[in-house]
Amino acid sequence: MLNKNIYLILLISLVFAISFWIGTNVNLLPAEASINAPIYDELFKILFIIGLIIFIGMTMAVIYSLFKFRKRNDQIGDGIALEGNLSLEIIWTIIPSIIVLLIGLYSYNIYDRMGGMKELNHNHEMISSNSKKIWAGISQTSDNEISKNNLSIEVSAMQFAFLFNYPKGKFISGELHVPVDQKVSMKMESKDVIHAFWVPEFRIKQDIIPGQPTVLNFTPTKVGKYPIICAELCGPYHGGMRASIIVEEESDYNDWFNKNKKTEVNL
Amino acid sequence: MTISIDPQKTNNKSLQPKGWLRYFSFSLDHKVIGIQYLVCGFLFYLIGGTLASAIRIELASPMSDFMPRDVYNQVLTLHGTIMIFLWIVPVVNGAFGNYLIPFYVGARDMAFPRLNAVAFWLIPPSGLMLVASYFVEGAAQAGWTAYPPLSITTPQSGQIIWILSVLLLGGSSIFGGINFIATIIKLRRPGLKLMQLPMYCWAMLGTSLLVVLSTPVLAGTLILLSFDIIANTGFFNPVLGGNVVVYQHLFWFYSHPAVYIMVLPAFGLVSEILPVHARKPLFGYTTMVFSIMGIVVLGLVVWAHHMFTSGTPPWMRLFFTIATAFIAVPTGIKFFNWVATLWGGKISINSAMLFSCGFIINFVFGGITGVALAQVPFDIHVHDTYFVVAHFHYIVYGGTVFIIFSSIYHWFPKVTGKMLNEKFGILHFIITFIGFNLCFAPQHWLGLNGMPRRVAEYDPQFQFINQISSIGALLMAISTIPFLINIFLSVRNGKDAGDNPWNALTPEWLTSSPPPVENWEEEAPLVEEPYGYGKQFSEQK
């Protein structure tokens, strides 16, 4: 009996160790290129490790049962008439409940740190026939915060393109240029059907819904060129609805901005 | 106590065609209707599977080169709709529910046999109409979710036929749901208590409650959508002041419970299969019943987790995160109980058992990614990507379809009186299990790294993983061959099964194989312990 328990403890420890090792050493995600990305990746690692422990444990239990308790040719009759075990059932109800609750609270904390739980500006919560409600994406801020930001961009999504309007420079671009380490506020509107704005390296996505302007904020942290992908089925060329976000040093961004500003582009 | 038989009904049944012709008749026999559901569903599975193969052929290369982009969207719309509304829902509910529930409650038929037949006979014409909608000008191409404004602004004749077809299929589900609830509650054999019912009855009771509560919402939503398309109303059309997010709320109020409408019956079926082939009682019967009801209640209040990237306020995201994640608790209880049912058994390694164990492994994987998807920050990154495609298929194919196959291997001897060939069955399992995991496991990585779903073309960096996925899909298609050969050969030349080849204790095995028209020649048996393994046969050890 003692030996069996030791083997069980060793086995469980091994499952935990393997899961921790895989969870911390195997990277399944693209590069981290925004303030949100490392915060998101913390949650991903925790979920990955817990998921591995459960999956490996359950799979081993099933496969072990199939081998250990398989019916041999010379065997007749049934297995043990065990219909339940109250304490065991209470344990495997309470432990998953605690795990789920802790994951939920932790993910709430992550979401809060990513800016998802900020309250909307009060005025925008009031729906009236005369004023458009502004919907909040992750990292939303109030109007006041938006106005303080150095970089405000208006995004228009349409079948099958994103257009980026730089109000301060009075020009529109097909590419999104932003300076590194600077907060960007985007007000997004759709001209036709539902689209979605997704930058995998930033770990942000927000649907762009016709009739409902949406605010999305992010802070890029790594210079480079990243894809902007429409993630919501928007028509035949949905797969081709892509653009690029170019994160560059402030001086390079200023050069690009100055080169393009005051250029009038008519839609 | 004898079971009362409606003489009118009995007379009608005696006039029904005999032999294989009865499967093409408006039969009132619940067993015939069950097989009609199964065969009809399987034919649509072959159509939906062919469309899935076309999708995977297209995705074997990054460019849209196998079919035009709009055709690709039409194909994926048809694939999703067929697989959900014409294969999984009718089969796990209609086919096995019809065949088994009257046996399990000790009745000679369903509570409303004519309504039962009507529910089935709505399916073939609706299905044919759905398939035909592909060939009219402007086939539906807005996905099985049919989100407006896309479903309103794309070519409309096909979309209208699509809506009508889904409405009729929803009607069929509602008729079936009402019938199952009435049969389980009102037709139970005297002396048979609720807590003595086989677990599949509880699963079907829970499922039917979900069907009756949520399907009318989908029906109403689709009717409003059709008004927007045909009559230019503005319920969901933002140009006319409509709100597309309201459509999403209404749609997902049905379509999230639809996942449980697909998996709860599978949970019930696996609960019947495991104890028989493990020769052990179902572990934790009472907690299994409560967990089903827990899933029903929670299943109705989690729909908005499909809308975390839509315009949902923060408090709503928090509530739906916690509610969704908590479904893992009753679901987890069931999985622990199934593993405990295997533990210490005398397990027969056969096709039915292998598919059931494959189901447990696949579903645990899908359940874990489901808990992850319940978390708002996680969901925001992977929503509408191949991660969700993979998760969903782990639940509905790795879960439900595996159990459909397991159930066919388990109940085929009862239905036909013949045994299926085990070698073909095990080959079927191995190819399906490898093909399925090869197809869908890599798609998690695709979603995490930037491949959205529903795209005919993608970033070339994802080509290799997509090719692996397509090879997996090819294996899944090939796996159907040994299954079909097995069915045809066994029906013609299979070994005689006898009445109870598995020595099972549930009531359907206590009558002849195939069962007579009224299920039992005499009085229905009262089975107080459908899982009493280890007691009855313990003296044989």
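Just so it is clear, the structure is predicted and the values come from calculations on it, not from any experiment. Chain letters run A, B, ... following the sequence lines, proteins first, then strands; residues in each count from 1. What you see below is based on every heavy atom in this structure, not just the backbone, and it leaves out hydrogens, waters and symmetry mates.
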Look at [options] and state which one has the largest set of heavy-atom pairs under 4.5 Å with chain A.
options                   : result
N73(B), T145(B), D379(B)  : N73(B)
L342(B), L448(B), I347(B) : I347(B)
Q375(B), Q141(B), Q74(B)  : Q375(B)
T321(B), T287(B), I322(B) : T287(B)
T154(B), L318(B), I360(B) : L318(B)

Measure the acute angle between the ring planes of [X] and [Y], then classify it against the limits of 30° and 60° as parallel, tilted or perpendicular.
X       : Y       : answer
F283(B) : W92(A)  : tilted
Y394(B) : F365(B) : tilted
F218(A) : F202(A) : tilted
H381(B) : Y40(A)  : perpendicular

Region of [X] in contact with chain A, defined by heavy-atom distances below 4.5 Å:
X       : value
I349(B) : side chain
A374(B) : neither
V71(B)  : neither
Y531(B) : neither
A372(B) : both
A340(B) : side chain
M353(B) : side chain

Contacting moiety of [X], where chain B heavy atoms sit under 4.5 Å:
X       : value
R242(A) : side chain
L52(A)  : neither
N85(A)  : both
Y64(A)  : side chain
I194(A) : both
E83(A)  : both
L43(A)  : side chain
L233(A) : both
P210(A) : both
E201(A) : neither

Open item on the list: Could you check whether any side-chain heavy atom of H195(A) comes within less than 4.5 Å of a side-chain heavy atom of E232(A), counting everything from C-beta outward?
Closed with: no
TODO: Give the minimum heavy-atom separation between T309(B) and Q206(A), together with the two atoms involved.
DONE: O-NE2, 2.8 Å
Please check: side-chain N/O of [X] versus main-chain N/O of [Y], any donor-acceptor pairing under 3.5 Å?
X       : Y       : value
S64(B)  : M67(B)  : yes
Q248(B) : Y147(B) : no
D459(B) : G450(B) : no

Open item on the list: Please rank G51(A), S190(A), P227(A) by heavy-atom pairs under 4.5 Å with chain B and give me the top one.
Closed with: G51(A)
Open item on the list: Between I208(A), I229(A), V193(A), I39(A), who has the most heavy-atom pairs with chain B when the cutoff is under 4.5 Å?
Closed with: V193(A)
